[in-house]
Protein chains: 2
Amino acid sequence: MADGRGTATAGGENLLFLTDEQLRQGIEAMFFAYRGFTADPDRILSDMAYGRAHHRAIHFINRAPGTTVNNLLNILGVTKQSLNRVLRTLIEDGLVESRVGKTDKRERHLYLTEDGHALEGRLSDAQRARMRAAFRDAGPEAVAGFRTVLEAMMDTEMHRTYQRLKESGA
Amino acid sequence: MADGRGTATAGGENLLFLTDEQLRQGIEAMFFAYRGFTADPDRILSDMAYGRAHHRAIHFINRAPGTTVNNLLNILGVTKQSLNRVLRTLIEDGLVESRVGKTDKRERHLYLTEDGHALEGRLSDAQRARMRAAFRDAGPEAVAGFRTVLEAMMDTEMHRTYQRLKESGA
DNA sequence: TTGGAATGTCAACAAGGCTGACTTAAACTG
DNA sequence: CAGTTTAAGTCAGCCTTGTTGACATTCCAA
């Protein structure tokens, strides 16, 4: 049953790629690829007292400078207590700066310091290098397909929050 | 600079998709998509005393029944202490069965019990449903591209171990 | 102006990674 | 056959990163 071939639909549309086995292979591809995707930054971070959570925070602060803690919470999808711990160490270590909001003093706006940018660059370079290699190997058509599927797979809620932020923040 | 358009290469090959900004967008797409990818099983598991680690173990035991502990370690890329903790609870709860090897009695071969298959089905159904929806929305061409890019991004070492196992085990 | 909502912080706990040291049993090898 | 290697499991302890609960500060609207 796991190896069934499926059949073409009434409309003549080819749905062979929705076979149970094809879907399972997609799931496994996602698992192994995500491994590869995070491997390089993880290696860099393991030498310091940081982990993947710090990487994510640094990445999105770089992408949306001046964003608030609450915004970051929505993007990352973790509790504020969890994010706060990561943020606190980054601020203590001088990689992130937290400025009290001008109009609303409850808010804290987040920025990378010079050191923060330096680390962001190291992590980003490693990850982009692998992404670039994968994209080059696969070719433009495959990359377009890759993007299309990933977008259909996303948690749309969270992603939309991020899009909104980038537009308003930039 | 982050918004540069890039240029076609000397050979006329279109490398616009290797722009720094394109790569960053690919990285973020991967992050948000992986979130969506794990969201449904995570929700199911959070009601029990299990987590993502249990899901991974159950998934691969189902895919390669009779696999040994050592094989599973190589596929999952964790330490045996970490896997053992997960495996122990699954065996105690009667979801996984561990049989002493016939030719090599040092080995333990792992199988899902009836209950194990039941849980595997629930988790798998949820994850496949989302994957199916994404694949259907994106279409066959996009799915092919998706697979191509993911394969280029994988940790080839770990994936090759898995492929070898599936071939020999089946 | 006062009470509720929003924002961020502190404390404590759990899951699931990790290393290191060790035991048991079985298989291999000189 | 003796000694070594390999597979699996265990115990102890650590780290990161998720969780909930309690709390302080600030804003805003009734």
Side-chain angles (χ1 to χ4, degrees), chain A residues 31 34-35 38-39 41-61 66-93 96-110 158, chain B residues 31 34-35 38-39 41-58 61 66-93 96-110 158 161 165:
Chain A
F31 169 71
Y34 199 77
R35 273 284 167 138
T38 56
D42 281 358
R43 239 187 311 277
I44 294 173
L45 288 160
S46 72
D47 292 341
M48 326 186 197
Y50 297 142
R52 210 176 285 178
H54 299 82
H55 182 193
R56 289 195 287 261
I58 288 173
H59 174 95
F60 285 107
I61 293 172
T67 194
T68 64
V69 173
N70 214 3
N71 285 340
L72 212 47
L73 243 36
N74 291 325
I75 293 171
L76 296 175
V78 295
T79 58
K80 59 182 174 175
Q81 295 85 337
S82 187
L83 174 60
N84 193 254
R85 184 177 338 99
V86 166
L87 234 35
R88 191 166 44 209
T89 67
L90 290 175
I91 291 168
E92 276 170 10
D93 296 352
V96 168
E97 193 190 348
S98 163
R99 299 185 203 154
V100 173
K102 280 191 173 160
T103 62
D104 188 334
K105 287 177 190 161
R106 291 173 303 181
E107 295 179 340
R108 299 295 131 87
H109 297 273
L110 303 169
M158 188 159 53
Chain B
F31 168 71
Y34 197 77
R35 272 287 167 132
T38 55
D42 281 357
R43 240 187 312 276
I44 295 173
L45 288 160
S46 72
D47 293 341
M48 327 187 198
Y50 297 141
R52 209 176 286 178
H54 299 84
H55 182 193
R56 289 196 287 261
I58 287 174
I61 292 172
T67 193
T68 63
V69 173
N70 218 357
N71 285 340
L72 211 48
L73 284 177
N74 291 326
I75 293 171
L76 296 174
V78 296
T79 59
K80 64 176 172 179
Q81 294 89 335
S82 189
L83 175 59
N84 195 254
R85 189 178 9 198
V86 166
L87 230 37
R88 193 165 42 205
T89 68
L90 290 174
I91 291 168
E92 277 170 10
D93 296 353
V96 168
E97 193 191 347
S98 163
R99 298 185 205 151
V100 173
K102 279 191 174 158
T103 61
D104 188 334
K105 289 176 190 163
R106 291 172 305 179
E107 294 179 340
R108 300 295 132 87
H109 297 272
L110 302 169
M158 189 160 52
T161 301
L165 265 167

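Below, chains carry the letters A, B, ... as their sequence lines are ordered, and counting in each starts from 1. These numbers were taken from a predicted model, which means no experiment stands behind them.
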Throw together a table of side-chain donor-acceptor distances under 3.5 angstrom for residues 43-50 of chain B, partners on residues two or more places apart or in other chains.
from    : atom 1 : to      : atom 2 : distance (Å)
B:Arg43 : NH2    : B:Asp40 : OD1    : 2.7
B:Ser46 : OG     : B:Arg43 : O      : 2.9
B:Tyr50 : OH     : B:Asp93 : OD2    : 2.3

Return a table of donor-acceptor pairs under 3.5 angstrom between the side chains of residues 75-86 of chain B and protein atoms on other chains or two or more places apart.
from    : atom 1 : to      : atom 2 : distance (Å)
B:Thr79 : OG1    : B:Ser82 : N      : 3.3

Inset, instruction - List for me each residue that meets ring pair (Phe, Tyr, Trp, His ring centres under 6.0 Å) alongside B:Phe31, sequence neighbours excluded, and say none if there are none. - result: A:Phe60
Legend entry - Distance in angstrom units between B:Met48 CE and C:dA15 P, rounded: 15 Å
Inset, instruction - Residues of residues 98-109 of chain A with any non-hydrogen atom less than 4.0 angstrom from an atom of DNA chain C: list those, numerically ordered, please. - result: A:Arg106, A:Glu107, A:Arg108
Inset, instruction - Identify, with sequence neighbours excluded, every residue that meets side chain to side chain donor-acceptor pair (under 3.5 Å) alongside B:His54. - result: B:Thr89
Legend entry - For A:His55, side chain to side chain donor-acceptor pair (under 3.5 Å) partners two or more places apart: none
Inset, instruction - Supply the atom-to-atom distance B:Ile61 CD1 to B:Leu87 CG, rounded to the nearest 0.5 angstrom. - result: 5.5 Å
Legend entry - DNA chain D contacts among residues 75-87 of chain A, heavy-atom distance under 4.0 Å: A:Val78, A:Thr79, A:Gln81, A:Ser82, A:Arg85
Inset, instruction - Taking salt bridge (charged side-chain N to carboxylate O under 4.0 Å, His left out) as the test, write out the residues that go with B:Arg88, two or more places apart. - result: none
Legend entry - Closest approach of A:Val100 to A:Arg108 (non-hydrogen atoms, all atoms of both residues): CG2-NE, 3.7 Å
Inset, instruction - Using the test side chain to side chain donor-acceptor pair (under 3.5 Å), find all partners of B:Arg99 that sit at least two apart in sequence or belong to another chain. - result: B:Glu97
Inset, instruction - Indicate, with a heavy-atom threshold strictly under 4.0 Å, whether A:His55 touches base, sugar-phosphate, or nothing. - result: nothing
Inset, instruction - Would you tell me if any nitrogen or oxygen in the side chain of B:His54 comes within less than 4.0 Å of OP1 or OP2 on C:dG16? - result: yes
Inset, instruction - Under 4.0 Å from any heavy atom of chain A: name the first and the last nucleotide of DNA chain D that qualifies, 5' to 3'. - result: D:dT16 to D:dC27
Legend entry - Qualifying residues under side chain to side chain donor-acceptor pair (under 3.5 Å), relative to A:Asn70, sequence neighbours excluded: none
